**Q** 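Once you've had a glance at the structure underneath, I'll fire off some questions.
Remember, predicted model here, so these are calculated numbers, not experimental data.
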Amino acid sequence: MFILFVLLGYLGLQVINPQFLPYVSLIGCGYILYIAWKVAKANVQVSDTSADASLSFFDGLFMQLLNPKALVATLPIATIQFPSADITGAAIVFWSFILAILAFGAPTSYSLAGLVLGKQVSRPGVFYVFNKLMAVLLVYVALMIAYEHVLTPLMA
C-alpha cells in the first residue's frame, strides 16, 4: 500500500491539473457508485473448500501491487485527496506511510474476525446484509466526495 500511495501520489501531482480536479472527482464518484451497484447486486455463493498454501514476502508484495482492490483504494486517495488537501513533496511519503500502517490493520482484523465469526459469516444471509451495508456506505462516500470535491469547488 505504501508503494502504491507514494507512486500514485507523486504521479497525481504531475498528471492531474488542479483545475480539472472536480471533474476527475466526478468520474471517481461515478466509479464508486458503479462499485456500490455491483456489490448490492452481487449473488454470493458459499463453498466449503480450503487450500493450504504458503506464500513468500515477494508473493504477497506482487499480489498486493497487482490487486485491483489496492488500486481502487489508493488511486482516489493519492490522485484526488492528496492534491485537494495540498499534500505534496515529503508529505506524500509521510501520509503514505501512515495510511499503509492503517491498511496493515485491515487484513489482520479480517483474519481475527474470520476466526471468531467464521461459521456465522459463511451463511448466505449474512453476506446479503453485509453487501447491502457496504453498498450503502459506498454510496455515502461517493456523495461526500461529490459534495466536497465536485459541488463545493464548482460553486465557488
Side-chain angles (χ1 to χ4, degrees), residues 1-47 55 57-114 121 124-156:
M1 295 299 280
F2 175 75
I3 294 168
L4 288 172
F5 275 125
V6 170
L7 289 176
L8 294 173
Y10 285 115
L11 182 65
L13 289 174
Q14 301 301 318
V15 173
I16 298 176
N17 182 332
Q19 178 182 353
F20 297 118
L21 197 55
Y23 305 106
V24 173
S25 297
L26 184 61
I27 292 168
C29 290
Y31 181 64
I32 292 170
L33 290 172
Y34 169 75
I35 292 171
W37 174 258
K38 295 299 276 183
V39 168
K41 294 296 179 187
N43 184 13
V44 178
Q45 301 292 326
V46 180
S47 65
L55 300 172
F57 171 79
F58 290 105
D59 291 332
L61 175 65
F62 288 121
M63 285 172 45
Q64 186 66 20
L65 288 174
L66 299 175
N67 181 355
K69 290 188 301 184
L71 279 175
V72 166
T74 57
L75 189 62
I77 294 169
T79 60
I80 296 171
Q81 295 293 121
F82 281 5
S84 293
D86 201 28
I87 296 174
T88 60
I92 289 175
V93 175
F94 172 76
W95 283 107
S96 295
F97 178 75
I98 297 298
L99 291 169
I101 294 296
L102 293 172
F104 176 78
T108 304
S109 65
Y110 302 155
S111 177
L112 293 174
V121 174
V126 174
F127 279 108
Y128 176 83
V129 170
F130 181 76
N131 279 1
K132 299 304 182 218
L133 177 63
M134 295 301 351
V136 167
L137 291 172
L138 284 167
V139 169
Y140 173 75
V141 167
L143 293 174
M144 293 305 296
I145 291 173
Y147 175 75
E148 189 173 329
H149 300 289
V150 178
L151 288 178
T152 303
L154 291 177
M155 300 301 258

**Q** What closest approach, in Å, do Val93 and Phe2 show between heavy atoms, and which atom pair accounts for it?
**A**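 Distance-wise, the nearest heavy atoms are O-CE1, 3.6 Å.
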
**Q** Say you draw a straight line from CD1 of Ile32 to CD1 of Ile27; how long is it, rounded to the nearest 0.5 Å?
**A**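 It comes to 12.5 Å.
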
**Q** Check whether any side-chain N or O of Tyr34 sits under 3.5 Å from a backbone N or O of Cys29 as a donor-acceptor pair, and report yes or no.
**A**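 Judged by distance alone, no pair lies under 3.5 Å.
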
**Q** Can you pull out every side chain to side chain donor-acceptor pair (under 3.5 Å) where at least one residue sits in residues 128-147? Sequence neighbours excluded, please.
**A**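 Found none.
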
**Q** Can you check whether Phe130 reaches Val39 side chain to side chain, under 4.5 Å on heavy atoms?
**A**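 Side chain of Phe130 against side chain of Val39, heavy atoms only: no contact under 4.5 Å found.
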
**Q** Side chains of Val139 and Leu33: closer than 4.5 Å at any heavy-atom pair?
**A**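 The answer is yes; the side chains approach within 4.5 Å.
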
**Q** Locate the shortest heavy-atom distance separating Glu148 from Pro153; write the atom from each residue and the value.
**A**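 Residues Glu148 and Pro153, closest heavy atoms: O-CD, 3.4 Å.
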
**Q** When rounded to the nearest 0.5 angstrom, what is the spacing between CD1 in Ile145 and CG in Leu151?
**A**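 Reported value, rounded in 0.5 Å steps: 12.5 Å.
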
**Q** If you take all heavy atoms of Phe5 and Phe82, which pair is closest and at what distance?
**A**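 Answer, listing the atom of Phe5 first, then Phe82: O-CE2, 4.2 Å.
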
**Q** Could you measure the distance from the CH2 atom of Trp95 to the CD1 atom of Ile77? Nearest 0.5 Å is fine.
**A**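 So the gap between those two atoms works out to 11.5 Å.
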
**Q** Write down the atom of Gly89, the atom of Tyr10, and the distance for their closest heavy-atom approach.
**A**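 Smallest interatomic distance, heavy atoms only, reads O-OH, 2.6 Å.
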
**Q** When rounded to the nearest 0.5 angstrom, what is the spacing between OG in Ser96 and CZ in Phe94?
**A**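 Result: 10.5 Å between the selected atoms.
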
**Q** Please report the closest heavy-atom contact between Ala36 and Ala135, naming both atoms and the distance.
**A**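 Heavy atoms only, the tightest pair is O-CB, 3.4 Å.
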
